[in-house]
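Take a look at the structure set out below.
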Amino acid sequence: MPAGDAFTPDQLYDIERAVRHAEDASGLHFSVYVGGADSETRPFALELLNELDDPDNSVLVYVDPAGRRLEVVTGANARRQLSDHAAGLAALTMQTSFATGDLTGGLVTGVQQLGTHAHQPPLLHANEPHKQ
C-alpha cells in the first residue's frame with residue numbers, strides 16, 4: 001500500500017488486518033492504493049490491478065484523497081464473486097467515512113464489506129461419494 005507516510009503504524013495495521021480478513025472470507029486477493037493518479041482514475045486503477053501478481057483473482061481499492069476519487073476494480077474471476085452492486089455499497093460506505101475525514105476507518109470498513117460480500121461458503125462433502 002503506497003502512501004504509507006499518510007498513516008500511523010496503528011492505522012496501517014488496521015488496514016492490513018482488514019485486507020487479511022477480506023482475503024480469508026473470500027479467497028480473493030485484496031489491495032489498497034492511496035495516492036494520486038498519473039492519468040484518469042479508472043484506467044489508472046485498472047493498470048494497478050493488472051500489475052498485481054494475480055489480477056484475475058484480485059480486488060483493488062484505489063483512493064485519491066486529494067482528488068476526492070475512489071475506484072473499486074475487480075479481476076475477471078473476482079467479478080464473479082463480487083457484484084457491482086455490492087462493490088457500490090462498499091464504496092458508498094467508504095465515501096461516507098471519507099467525507100467526515102476518516103480515511104482509515106472508511107478503508108477498513110469498506111474492505112471488510114467487500115470481503116463479506118465476496119464470501120464463498122466452503123463446499124461440504126464435495127469430494128465424498130454419495131452414500132445411500
Would you check if [X] and [Y] make a side-chain contact, meaning some heavy-atom pair closer than 4.5 Å?
X   : Y   : result
V19 : E16 : no
S31 : V61 : no
F7  : V34 : yes
L60 : V72 : no

Which residues share a side chain to side chain contact (heavy atoms under 4.5 Å, CB included) with A78, sequence neighbours left out
L28, V59, T74
With sequence neighbours left out, write down each residue that passes ring pair (Phe, Tyr, Trp, His ring centres under 6.0 Å) with F44, or none if nothing qualifies.
Y33, Y62
Answer yes or no: is there a donor N or O on one side and an acceptor on the other, between the side chain of H119 and the main chain of S26, under 3.5 Å?
no
Verify, without hydrogens or angle tests, whether E23 (side chain) and H29 (backbone) share a donor-acceptor contact under 3.5 angstrom.
no
Would V111 and I15 count as a side-chain contact (heavy atoms from CB on, under 4.5 Å) if you check the C-alpha gap in whole Å, the side-chain angles of each, and the deciding distance to 0.1 Å?
CA-CA 8 Å; V111 168; I15 295 166; 5.8 Å; no
Would you compute the distance between atom NE2 of H21 and atom CG of L114 and round it to the nearest 0.5 angstrom?
11.0 Å
I need the L70 CG to M94 CE distance, nearest 0.5 Å.
5.0 Å
Please collect all ring-ring contact (aromatic ring centres under 6.0 Å, His included) contacts where either partner lies in residues 92-112, sequence neighbours excluded, each pair once.
none
Distance-only donor-acceptor pairs under 3.5 Å for side chains of residues 83-93, two or more places apart:
from: S83; atom 1: OG; to: A86; atom 2: N; distance (Å): 3.0
from: T93; atom 1: OG1; to: L89; atom 2: O; distance (Å): 3.1
from: T93; atom 1: OG1; to: Q113; atom 2: OE1; distance (Å): 2.9

Could you list the residues that satisfy side-chain hydrogen bond (donor to acceptor under 3.5 Å, both in side chains) with N50, not counting sequence neighbours?
none
All side-chain hydrogen bond (donor to acceptor under 3.5 Å, both in side chains) counterparts of R69, not counting sequence neighbours
none
Which donor-acceptor pairs under 3.5 Å do side chains of residues 99-107 form with protein atoms, sequence neighbours excluded?
from: T100; atom 1: OG1; to: S97; atom 2: O; distance (Å): 2.8
from: D102; atom 1: OD1; to: G105; atom 2: N; distance (Å): 2.8
from: T104; atom 1: OG1; to: Q11; atom 2: NE2; distance (Å): 3.3

What residues form a salt bridge (charged side-chain N to carboxylate O under 4.0 Å, His left out) with R20, not counting sequence neighbours?
none
Under the salt bridge (charged side-chain N to carboxylate O under 4.0 Å, His left out) test, residues paired with R42 that sit two or more places apart
E71
What pairs of residues pass the salt bridge (Lys or Arg N to Asp or Glu O under 4.0 Å) test when at least one of them lies in residues 51-64, not counting sequence neighbours?
none
Check L49 against G75 and note the closest heavy-atom contact, atom names and distance.
CD2-N, 3.8 Å
